[in-house]
Engineer: 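I'd like to ask some things about the structure below.
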Amino acid sequence: MDKQDNFNLAKAYEPQEYEAEIYRLWEESGFFNPDNLSEGKESFTISMPPPNATGILHLGHASTLAYQDLMIRYQRLRGKKTLWLPGTDHAAIATQTKVEKILAEKGVDRHSLGREKFLEKVKEYVADSQGTIRNQIRKIGSSCDWSREAYTFSDSLSVAVNEAFVRMYNDGLIYRGYRIVNWCPRCASTLADDEVEYQEQLGKLYYIKYGPFVVATTRPETKLADTGVAVNPEDTRYQDYLGQVLEIDLAGHKIKVKVFADAQVDSEFGSGVVGVTPAHSAVDYDFAQKNDLEIIKLIDEQGKIMSTGGKYAGLTVLEAREKFVKDLEAAGQIEKIEDLENNLSICYRCDTPIEPLTSEQWFVAVDKKIPGRDQTLKELAIQAVKNKEIKIVPDRFSKVYYHWMENLHDWCISRQIWWGHQIPVWYSEDQKMIVAISEEDALKKAGGQKIARDPDTLDTWFSSSLWTFSTLGWPEKTKDLDLFHPTSVMETGYDILFFWVARMILMSEYLLESKPFETVYLHGMIRDKEGKKMSKSLGNGIDPIEMIEKFGTDALRLSLIIGSSPGADLRLYEEKIEGYRNFVNKLWNISRFVFSQVGEIKITENLPKTETLADAWILAEFNLLIKEVTENLETFKFSLAGEKLYEFTWSKFADWYLEVAKIEKNKDEILLYILPRLLTIWHPFTPFVTEVIWEQFKSDKFLMINQWPKADESNQEAQENFKDFIDLVTQIRNIKAENKIPPVEFVDCYLESQVLSSADLEVVAKLGRVNLKTEEITGENFASFKSRGQIKAAKAMTEKEKEDLEKYIKSLEAKLGNKAFVENAPPEVVADNQKRLEEAKQKLAN
RNA sequence: GGGUGUAUAGCUCAGCUGGUUAGAGCGUUACAUUGACAUUGUAGAGGUCAGAGGUUCGAGUCCUCUUACACCCACCA
């Protein structure tokens, strides 16, 4: 008690009282910026996956930030020049959709507002939510370099976007073409293939009498624009028609279709005859290319039937379907209608059903050889992973990556929304197309003519695919780019492996001829206790900010990291976070206790001398811990590292060593050796509480930039011997409990041990709360003592324990009696079993 | 239709290249607690490792099949 004046820590850790202040101190220190870290060392870089500039941070963000901050803090403590570059994404479609929704509530739509005014509204909205996001990233404790904060739609990143576009165009890797695309009628824009999601639905399969055939379709209205009929080449029923052009009457609407054969047609499905609508189905479009079919566009960009639909013109798709089916029925042309489960394609941002339609758009050619490189973009991206240049953790996602890449089609990059990078293409008065990096450049190229810009914008993933290097100043040759690229780790969820990770690899390999990162670490999705996805509609979402307020950031971070493994989903719930809050408080109180015990609060610099077995043991355990945690962190086994730290801190250091220290006293050297180092290795996991405790050491530097401790040799003998120590104490407590002897009641006890000194045994007795007798107590069974009496701990064993031990001995004897085992098993395994048998027998005999 | 993952205590999960009597946290039961911590301590109960075969001296761990769940991809009109 008399020593407690020299430290000042409340009885329980209250995170809210410290976190904001600690973060402010870190930020002001400038050490988030690698320029202020020591010179000339190896660098370590992570580009923060930019959160969408919409709404607020959810648990998924909290988890990705916790992982990244863990790696960043670890590497900073290891002395690397550590850069974590934060930023946000303008998230073209997502943001535009969101603002449109807000405007719609006021009865305004973007067209009535006009492009300029609408974009202003979006900018306001983005500025607002970026502020929220920045604050929330800070709340998680993210030690990122705010001075380098980036935004995909900033001026400098827009330069990178135009540069990339122009280079690809000049290399023939970006082209404009009239092709079939995914069209979202609500967004009034194209979508990339991977931006289309599928929803199972119960639809109808209509069998339509179609000239000499019966054609089965889920979308009868599209038959108005059929230009072909496909059958399987093996199908004997229709051989005579192959190659013919037939005129078909569909309830008065006349179409001309060419009959052809293709192996893709399944003669078992539906009627075995496919009506081909090239303008509104990707498969049919391919058929049209192969068989030279006419392409008749039927559905326009608003999802309405065009004049090519005859009397159905002007109707929406669904209206036209209803009317046309009625007309066909009236004409006796519906043979039957069946129920059919199929996938409805919907927009990934607004869930609107997708219309495939033909349109003139910009594409990235993934299968075209890059000039001078004899490789396609696709091949480039596959190779980077295949030759292990880039490592994906967990490895199984490499396979998923290859599969996706190999099946990648040309990437449609033009969007018809307003929010985003305008395509760097202008048209001169004489209708010449000018592709240029800027308006000035385009004007120059136009040679004095007036120019007009293409209104289309770029897919948001085009700009984010440049993220690892556009944020470092590319296309300028900057010092940052040189120092920090390729980045070290890309930490993100497996759900955006395709959207983002794959495209970053593709772009970096093409534009920089280098990988964007060395390792991709993929975390899983956060789910609720039942394993359900957290979502607004289910109301099962946990708000990370609320959890931080309730339990503290450190507790939330631990709950996200411990118990998770890469690529696997994680269930999170409040009790779990609460449990880690308890742990953080334990660490706090361990520190309080240490500070209360020692004469002066300072750090022991050198490995201390050991006085007792417990001393030697705890140092041995601690050295082993440092070694293992370091190894685990180097190999991305964050959860395992956390579990080991947890176990050491609570079950070894607190439960045993500190309890022994209360008895043995005078442990200043060792306590002040372990505690600061323990705080250091905990720091990447729980940055706040460790930094707060660290302040008590009055060090001239933050724990954040302390040095990662080195592991010394471990004393195996001490580890082995201390097991006996623990074993004896546990036995005593056990016997007392079994005999209903209150823990506080000191009964007599005789102890003996081969390895423990008499001093050790005295400590054992104190921990077990017994009176240590120097002579063996004979003649009586301890059970008869009931609540008072003597114990010879080594002899006491319950019936159950006896039985278990006997069983164990039998199984070992059987094993060792087996010739095959003795002959085939490695000698050390046999010897080990032999030893165990002897020990067990001895125990039983005692 | 293809592919991947998961299945271990009531719940959430560890268990690395096969070799202790299969572990942890939460929950639960009993006891304790004014001296670091009730956000605590001590002790206990609780498991045919989804099922069936196989490989091996030895399988929770490797192989095959089956079942259940989850996810991803794909152009069944």
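Side chains are part of it too, since the values below use all heavy atoms of this structure and drop only hydrogens, waters and symmetry mates. Here is the naming used below: chain letters follow the sequence lines, and residue numbers restart at 1 for every chain. Owing to the predicted nature of the structure, the values given are computational and were not obtained by experimental measurement.
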Engineer: Take atom OH of A/Y401 and atom C1' of B/U4, then tell me their distance rounded to the nearest Å.
Structural biologist: 18 Å
Engineer: Can you check the A/E200 CD to B/G1 C1' distance for me, whole Å?
Structural biologist: 13 Å
Engineer: Regarding B/A36, can its base be found pairing with the side chain of A/K662 as donor and acceptor, where the two atoms are less than 3.5 Å apart?
Structural biologist: yes
Engineer: Checking contacts here: which listed nucleotide (B/U39, B/A43, B/A36) is nearest the side-chain heavy atoms of A/A737?
Structural biologist: B/A43
Engineer: Can you tell me which nucleotide in B/C37, B/G25, B/C73 comes closest to the side chain of A/N585?
Structural biologist: B/C37
Engineer: If you only use heavy atoms from C-beta on, which nucleotide in B/A74, B/C37, B/U42 is closest to the side chain of A/Y198?
Structural biologist: B/A74
Engineer: Would the distance check show the side chain of A/K378 and the main-chain N or O of A/E406 forming a donor-acceptor pair, the cut-off being under 3.5 Å?
Structural biologist: yes
Engineer: To the nearest angstrom, how far is A/L340 atom CG from B/C75 atom C1'?
Structural biologist: 14 Å
Engineer: Within the modelled atom types, does a donor on one side and an acceptor on the other bring the side chain of A/K11 and the base of B/C37 under 3.5 Å apart?
Structural biologist: no
Engineer: Expressed as a whole number of Å, how far does the C1' atom of B/C13 sit from that of B/C73?
Structural biologist: 29 Å
Engineer: Tell me which nucleotide among B/G44, B/A32, B/U40 gets nearest to the side chain of A/P743.
Structural biologist: B/A32
Engineer: Which nucleotide, B/A36, B/A14, B/G19, lies nearest any side-chain atom of A/E643?
Structural biologist: B/A14
Engineer: Taking the minimum atom-to-atom distance to the side chain of A/W650, which one of B/U40, B/U42, B/U39 wins?
Structural biologist: B/U40
Engineer: A/E14 has a side chain; which of B/G19, B/A36, B/U39 sits nearest to it?
Structural biologist: B/U39
Engineer: Under 3.5 Å for both donor-acceptor distances, Watson-Crick or wobble: does B/A70 have a partner, and if so which one?
Structural biologist: B/U4
Engineer: Assign each of A/S565 and A/V584 to its nearest nucleotide of RNA chain B by heavy atoms, then name whichever residue's nucleotide is nearer the 5' end.
Structural biologist: A/S565
Engineer: Closest approach to the side chain of A/A654, judged atom by atom: which nucleotide of B/U20, B/U12, B/A36 is it?
Structural biologist: B/A36
Engineer: Are A/Y808 and the base of B/U21 stacked, counting only ring centres nearer than 5.5 Å and planes tilted under 30°?
Structural biologist: yes
Engineer: Strictly under 6.0 Å, is that where the ring centroids of A/Y18 and A/F688 end up?
Structural biologist: no
Engineer: Whole angstroms only, please: what is the OH-P distance between A/Y285 and B/C75?
Structural biologist: 16 Å
Engineer: May I ask you to verify if any side-chain N or O of A/R571 is less than 4.0 angstrom from the OP1 or OP2 atom of B/C13?
Structural biologist: yes
Engineer: Can you check the A/E578 CD to B/C37 C1' distance for me, whole Å?
Structural biologist: 15 Å
Engineer: On RNA chain B, does the nearest nucleotide to A/K576 precede the nearest nucleotide to A/S591 from the 5' side, or the other way round? Give the residue.
Structural biologist: A/K576
Engineer: Which whole-number value in Å describes the distance from A/R592 CZ to B/C37 C1'?
Structural biologist: 7 Å
Engineer: Establish, with yes or no, whether the OP1 or OP2 oxygen of B/U12 is under 4.0 angstrom from a side-chain nitrogen or oxygen of A/K529.
Structural biologist: no
Engineer: Are A/F499 and A/Y348 near enough that their ring centres are under 6.0 Å apart?
Structural biologist: yes
Engineer: C1' atom, B/G23 versus B/A9: distance in rounded Å?
Structural biologist: 10 Å
Engineer: So A/D495 and A/M525, do their side chains get closer than 4.5 Å, heavy atoms only?
Structural biologist: yes
Engineer: Distance check needed: B/A36 C1' versus A/Q696 CD, whole Å only.
Structural biologist: 14 Å
Engineer: Taking the six-membered ring of A/F593, is NZ or CZ of A/K662 closer than 6.0 Å to its centre and within 45° of its axis?
Structural biologist: yes
Engineer: Could you check, using the six-membered ring where one of them is a Trp, whether A/W650 and A/Y580 have ring centers closer than 6.0 angstrom?
Structural biologist: no
Engineer: With a 4.0 Å cutoff (strictly under), does any side-chain N or O of A/N824 reach OP1 or OP2 of B/C57?
Structural biologist: yes
Engineer: For B/A74, does either OP1 or OP2 sit under 4.0 Å from a side-chain N or O belonging to A/N343?
Structural biologist: no
Engineer: Which of these nucleotides, B/C57, B/U12, B/A77, is closest to any side-chain atom of A/N818?
Structural biologist: B/C57
Engineer: Ignoring hydrogens and angles, are the base of B/A36 and the side chain of A/E659 linked by a donor-acceptor pair under 3.5 Å?
Structural biologist: yes
Engineer: Which of these passes side-chain contact (heavy atoms from CB on, under 4.5 Å) with A/F397: A/V501, A/L497, A/V520?
Structural biologist: A/L497
Engineer: Please check the phosphate of B/U40 (OP1 and OP2 only) for any side-chain N or O of A/N582 closer than 4.0 Å.
Structural biologist: yes
Engineer: Roughly how many Å apart are B/A52 and B/C16, using the P atom of each and rounding to a whole number?
Structural biologist: 23 Å
Engineer: Determine the Euclidean distance between corresponding P atoms of B/C69 and B/A77; express it in Å to zero decimal places.
Structural biologist: 24 Å
Engineer: State which of B/U42, B/U21, B/A70 makes the closest approach to the side chain of A/L805.
Structural biologist: B/U21
Engineer: Can you check the A/K736 NZ to B/U42 P distance for me, whole Å?
Structural biologist: 14 Å
